[in-house]
Amino acid sequence: MPNNSIKITEKNKDYFDSVFQVVRLIPEGRATSYGAISNCLGTKSGARMIGWAMNASHSQKEYVPAHRVVNRNGMLTGKHHFPSPIAMQEALEGEGVEIKDDKIQNYKQVYWDPTVELTFD
DNA sequence: TGGGTGACCATAG
DNA sequence: ACTATGGCCACCC
């Protein structure tokens, strides 16, 4: 067991849970950005933390579609953190997302803004 | 205690 | 349009 693996602790549990919760709401064939999720949770969280949280998404029991989270450029910056470098692209293409050079082509159409699409009760 | 790091983002030149 | 820089927040050594 490598000691550099991300561990879910009492401290970050709620934070991770919030992130995963939003990510799971991303519809098929759509994608959003780290910053959008950060903004959804409150700008304070910081966009970089989202990616860090995603690193722990693999250990979650509930499925987390981490492949639907890209950077603001629509680029698949996190693909190297998947089991396979091509896993992220394959998953997106399987949902009908067009990708070229590790970048979503029709990102404008695919983009899903949680702050807009989500309604808070 | 403090400094380094990260699947990022916005701004300035 | 592209590069450089700072900010962001939680974690690790």
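Treat the numbers as computed from the prediction; the structure is a model and nothing was measured. Each chain gets a letter, A, B and so on, in the order the sequences are listed, and its residues count up from 1.
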Quiz item: Should Arg30(A) and Glu95(A) be marked as a salt bridge (Lys or Arg N to Asp or Glu O under 4.0 Å) after you check the CA-CA gap, both sets of side-chain angles, and the distance that decides it?
Solution: CA-CA 8 Å; Arg30(A) 306 290 293 277; Glu95(A) 297 179 359; over 6 Å; no
Quiz prompt | Spacing of NZ belonging to Lys103(A) relative to CD belonging to Gln89(A), to within rounding of 0.5 Å | solution =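 That separation rounds to 13.5 Å.
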Quiz item: So how far is it from Glu90(A) CD to His67(A) NE2, rounded to the nearest 0.5 Å?
Solution: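 Separation between the atoms: 11.5 Å.
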Practice problem: Answer yes or no: is there a donor N or O on one side and an acceptor on the other, between the side chain of Arg68(A) and the main chain of Thr32(A), under 3.5 Å? | Solution: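 No.
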Whole-Å distance separating the [atom1] atom of [X] from the [atom2] atom of [N]:
X: Asn39(A); N: dC8(C); atom1: CG; atom2: P; result: 15 Å
X: Ile50(A); N: dC8(B); atom1: CD1; atom2: C1'; result: 10 Å
X: Ile37(A); N: dC8(C); atom1: CD1; atom2: P; result: 20 Å
X: Lys103(A); N: dA7(B); atom1: NZ; atom2: P; result: 21 Å
X: Ile104(A); N: dA7(B); atom1: CD1; atom2: C1'; result: 13 Å

Practice problem: Scan residues 76-83 of chain A against DNA chain B and write down, sorted by residue number, each residue with any heavy atom closer than 4.0 Å; if none is found, say none. | Solution: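 Those residues whose heavy atoms fall under 4.0 Å from DNA chain B, taken from residues 76-83 of chain A in numerical order, are Thr77(A), Gly78(A), His81(A), Phe82(A).
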Quiz item: Which ones in residues 64-75 of chain A lie close to DNA chain B, meaning a heavy atom under 4.0 Å from one of its atoms?
Solution: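 Hits under 4.0 Å, by residue number: Ala66(A), Asn71(A), Arg72(A).
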Exercise. Decide if the gap between the ring center of Tyr107(A) and the ring center of Trp112(A) is smaller than 6.0 angstrom.
Key: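 Judged by ring-centre distance (under 6.0 Å), Tyr107(A) and Trp112(A) do not meet the cut-off.
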Exercise. Check step by step if side chain to side chain contact (heavy atoms under 4.5 Å, CB included) holds for Lys79(A) and Ile86(A).
Key: CA-CA 7 Å; Lys79(A) 69 179 224 164; Ile86(A) 59 171; 5.7 Å; no
Self-check item: Options dC9(B), dG7(C), dA10(C), nucleotide nearest the side-chain atoms of Arg48(A)
Solution: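 So the side chain of Arg48(A) is nearest to dG7(C).
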Quiz prompt | Heavy-atom closest pair, residues Arg24(A) and Pro65(A) | solution =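 Closest approach of Arg24(A) to Pro65(A), heavy atoms only: CA-CD, 4.0 Å.
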Quiz item: P atom, dC13(C) versus dA7(B): distance in rounded Å?
Solution: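 dC13(C) and dA7(B) have their P atoms separated by 16 Å.
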Exercise. Taking atom CD of Gln105(A) as the centre, report whether more than 12 heavy atoms of other residues, nucleotides or ligands fall under 6.0 Å from it.
Key: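 Yes, because the 6.0 Å sphere around CD of Gln105(A) holds more than 12 heavy atoms from other groups.
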